Number of protein chains: 2
Amino acid sequence: MKAVIDENVLHDLCCEEDHSGLKEHMALVKKLNNEIPPEEELFDLADFFKVFGDCTRIRILCALLYGEMCVCDIAQALSMTQSAISHQLRVLKQAALVRSRREGKTVYYMLSDDHIISILSQGLEHIEE
Amino acid sequence: MKAVIDENVLHDLCCEEDHSGLKEHMALVKKLNNEIPPEEELFDLADFFKVFGDCTRIRILCALLYGEMCVCDIAQALSMTQSAISHQLRVLKQAALVRSRREGKTVYYMLSDDHIISILSQGLEHIEE
DNA sequence: CAAATATATGAGCAATCGTTCATATGTTAT
DNA sequence: ATAACATATGAACGATTGCTCATATATTTG
């Protein structure tokens with residue numbers, strides 16, 4: 001192993017102008033218990049991000065930023081078929097990114113929590129560079 | 001449009017016990033200039049998250065949490081072929097998630113900034129629920 | 001220069017993904 | 001019950017993805 005380990009990483013982080021990364025790094029390393037997490041957890045993590053990795057799903061999430069919407073309105077807003085939207089809403093729901101509420105014939109979807117907003121926001125920050 | 005708009009969202013957020021989401025929401029809405037961002041930006045955002053949406057790439061990023069590593073060591077650490085790792089490092093590099101440094105025959109890869117750490121960390125937080 | 005080592009890359013293939021189309025399920029109104 | 005509307009879902013198909021294998025490029029050493 002030629003890899004530079006542990007303390008050097010912390011040293012590098014400490015020597016940067018922006019110290020905000022250090023706390024997050026420590027939190028993550030603590031969370032990881034100083035080891036690469038078990039395969040299963042990394043698999044879940046990849047699966048989680050995979051859901052964000054599709055333009056249609058991102059557009060749905062952005063549409064829901066402004067409040068809950070029913071399926072047909074989302075479809076109309078994105079100029080896509082009801083079926084396509086419904087399929088993707090299922091993916092989003094399985095990943096717990098959205099939840100739904102039925103009101104008669106129509107089903108309203110909304111973001112399941114505002115964790116999602118900060119993840120989207122952080123992604124946007126990164127690509128604007 | 002049956003969608004609930006704007007102020008209602010803010011109202012909902014204000015009425016939650018945890019107020020931490022509001023600031024982030026406002027930041028994002030401000031960033032979006034109160035509109036769904038142009039298709040191109042959402043496309044880029046999806047592309048960005050897509051990179052995190054693969055188990056091998058996540059494992060590489062986690063390996064690099066502890067410091068820079070050369071290609072063959074990453075391959076050994078993850079029990080994968082050098083070629084597979086090299087292909088994925090290219091994807092990670094194109095997405096600006098890693099950068100590399102050549103030292104003789106060997107090429108060392110490292111995380112390009114600690115933004116990535118906080119994104120990983122935030123993802124882990126979400127799946128641990 | 002040739003050999004050895006580390007990395008990068010192109011072609012090909014199996015698997016996964018996102019959409020469409022047809023159809024099923026669920027709800028309301030007549 | 002029947003019709004109308006909203007949503008969900010299964011099959012199928014084209015596109016994309018991640019790996020393997022073979023080979024190319026780059027660097028060091030003899």
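These numbers were taken from a predicted model, which means no experiment stands behind them. Residue numbers start from 1 in every chain, and the chains themselves are labelled A, B, ... in the order their sequence lines are given, proteins ahead of strands.
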Is Y109(B) near enough to dA6(C) that one of its side-chain N or O atoms lies under 4.0 angstrom from OP1 or OP2? no
Taking the side chain of V71(A) as its heavy atoms from C-beta onward, which of dC17(C), dA11(D), dT7(D) lies nearest to it? dT7(D)
Give the minimum heavy-atom separation between I85(B) and A75(B), together with the two atoms involved. CG1-CA, 3.6 Å
Starting from the 5' end of DNA chain C, give me the residue, S86(B) or Q88(A), whose nearest nucleotide shows up first. S86(B)
Map G104(A) and S83(A) onto DNA chain C by nearest heavy atom, then report which one ends up closer to the 5' terminus. S83(A)
Given C72(B) and Q76(B), is the side-chain contact (heavy atoms from CB on, under 4.5 Å) satisfied, shown in steps? CA-CA 6 Å; C72(B) 65; Q76(B) 193 176 3; over 6 Å; no
Selection from dA6(D), dC19(D), dG18(D) that lies nearest to any side-chain heavy atom of T106(A): dA6(D)
Nucleotide nearest T56(A) when distance is taken to its side chain, options dT19(C), dT7(C), dT20(D): dT19(C)
Shortest side-chain distance from R102(A), nucleotide among dT20(C), dT20(D), dG26(C): dG26(C)
Should R57(A) be listed as having a side-chain N or O under 4.0 Å from OP1 or OP2 of dG18(C)? yes
Using the rule for Phe, Tyr, His and the six-membered ring of Trp, do H87(B) and dT9(C) stack at under 5.5 Å and under 30°? yes
Measure up the F52(B) and F48(B) rings against each other and bin them: parallel (under 30°), tilted (30 to 60°), perpendicular (over 60°). perpendicular
Should the side chain of Q82(B) and the base of dA8(C) be counted as holding a donor-acceptor pair, with the cut-off at 3.5 Å? yes
Nearest to side-chain heavy atoms of D54(B), which nucleotide of dC21(C), dT7(D), dG18(D): dG18(D)
Which nucleotide in dA6(D), dT9(D), dT27(D) has an atom nearest any side-chain atom of K105(A): dA6(D)
